[in-house]
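Every value quoted in this text rests on a predicted model; they were computed, and no experiment measured them. Numbered from 1 within each chain, the chains take letters A, B, ... in sequence-line order.
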Protein chains: 2
Amino acid sequence: MPQDPPEQADNTIAMLGRAYSLLGFQIVDGVVGAGYPQKPSHSAVFSQIRREGSRLTALARGANMSPQAMGELVDELEELGYVERKPDPTDRRAKLIALTPLGEQCIAAGIATIQGIERRLDEILGVRGHASLRRLLARLLAAG
Amino acid sequence: MPQDPPEQADNTIAMLGRAYSLLGFQIVDGVVGAGYPQKPSHSAVFSQIRREGSRLTALARGANMSPQAMGELVDELEELGYVERKPDPTDRRAKLIALTPLGEQCIAAGIATIQGIERRLDEILGVRGHASLRRLLARLLAAG
DNA sequence: CCTGATTATCAGGCATACTTTAATACCTTC
DNA sequence: GAAGGTATTAAAGTATGCCTGATAATCAGG
């Protein structure tokens, strides 16, 4: 993730960065504040783990990192009680990493936090303004 | 800087993050590609250094970090030839950190890169769309 | 002119988020 | 059933971006 650009305080990119930083921290604070401690990097797991359980290598590929690095994230989440490792019935080398009930509550808290922030965006920008922001961002991302 | 939020791929915050990541890397790539190597953290210096030169402590306070940490950034920029330390004529304890001609060229390259990206945003979003995006972001940031 | 604050810097440490190397267990295929 | 590939894990290393503590020079006030 890059930093603020050199020079010129009010370019669009710097504003995007500040907005993201502002809201992103609110998510982490919200979820942690709701009683679900975690690190930002854990989202790499939460965002792609499947209900039936996911293999470590699959998670690593999906997050574009080494299986070893993903293994450490899973270790931490297991320690926190959010996921558990179960043997994969179809391959005895592999393990399935699956959410515990606490992990599901954590995800629910994350979704609730995000929805709360989005409602605040509706207030700040107006429902139409917020929709407009999303449309513009979508177009920007589509254009790559 | 936080990461992607847990869960839900298409919330506004995640879109902001992806947009920032996309464009932010383009800035670094652009400036480095123009022949001015640097690290993202160096922007903490470039963005606030004054033409007459700035004291280390002033830069550190402005970037909200310790003077030691700022000293290291200045070391690196001095090594790269972008800044130089000169004695402060008004205080023999202090040094003034000032841009070299190369440093000014680097800043110019940064500004040019940013302007190029902003022109691309004009193309992608339309001039009015881009202005609208900036207006929405400004309102978001003002509401804190 | 002594005292205490300020300026810069040296030295060492720490957290985050990865990496590579290597080992072990297991699968698949010839 | 041996060879080679895949899944996980342990161990150690790297890069970034900061920090605290201590030191030396200098300044400013009583």
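In the hydrophobic cluster analysis, where Ile, Leu, Val, Met, Phe, Trp and Tyr join through side-chain heavy atoms closer than 4.5 angstrom, Leu136(B) is grouped together with Leu141(A).
Atom CE of Met70(A) and atom P of dT19(C) are 10 Å apart (whole Å). Going from atom CG of Leu96(B) over to atom C1' of dA8(C) covers 13 Å, rounded to whole Å. In this structure, the CD atom of Gln68(B) is 10 Å from the C1' atom of dA22(D), given to the nearest Å. The separation between Leu73(A) atom CG and dT19(C) atom P is 11 Å, rounded to whole Å. Rounded to an integer number of Å, the gap from Lys95(B) NZ to dA25(D) P is 12 Å. Going from atom CZ of Arg55(A) over to atom P of dC26(C) covers 14 Å, rounded to whole Å. In this structure, Arg92(A) atom CZ and dT6(D) atom C1' are separated by 15 Å, rounded to whole Å. Straight-line distance from the CD atom of Glu72(B) to the C1' atom of dG17(D): 8 Å, rounded to whole Å.
Shown here is Arg139(A), whose CZ atom has more than 12 heavy atoms of other residues, nucleotides or ligands within 6.0 Å.
Heavy atoms of Ser66(A) sit under 4.0 angstrom from at least one base atom. Using a 4.0 Å heavy-atom cutoff across all strands shown, Ala94(B) reaches sugar-phosphate atoms only and no base atom.
With hydrogens and angles ignored, no donor-acceptor pair under 3.5 angstrom links the side chain of Arg93(A) to the base of dT8(D).
For Thr57(B), whose side chain is taken as the heavy atoms from C-beta onward, the closest listed nucleotide among dT7(C), dC19(D), dC18(C) is dT7(C). The nucleotide whose nearest atom lies closest to any side-chain atom of Ser41(A) is, among dT9(D), dC18(C), dC18(D), dC18(C). Distances from the side chain of Arg85(B) to the nucleotides dC27(D), dT9(D), dT9(C) place dT9(C) closest.
Listed here is the closest heavy atom pair of Ser54(A) and Arg50(A): OG-N, 3.0 Å.
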Please determine whether side-chain contact (heavy atoms from CB on, under 4.5 Å) holds for the pair Lys95(A) and Lys86(A), giving the CA-CA distance in whole Å, both sets of side-chain angles, and the decisive distance to 0.1 Å. CA-CA 5 Å; Lys95(A) 290 170 186 166; Lys86(A) 302 185 295 189; over 6 Å; no
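Comparing Lys39(A) and Asp91(B) by the nucleotide of DNA chain C whose heavy atom lies nearest to each, the residue mapping closer to the 5' end is Asp91(B).
A salt bridge links Arg85(B) to Asp75(B): at least one charged side-chain nitrogen sits closer than 4.0 Å to a carboxylate oxygen.
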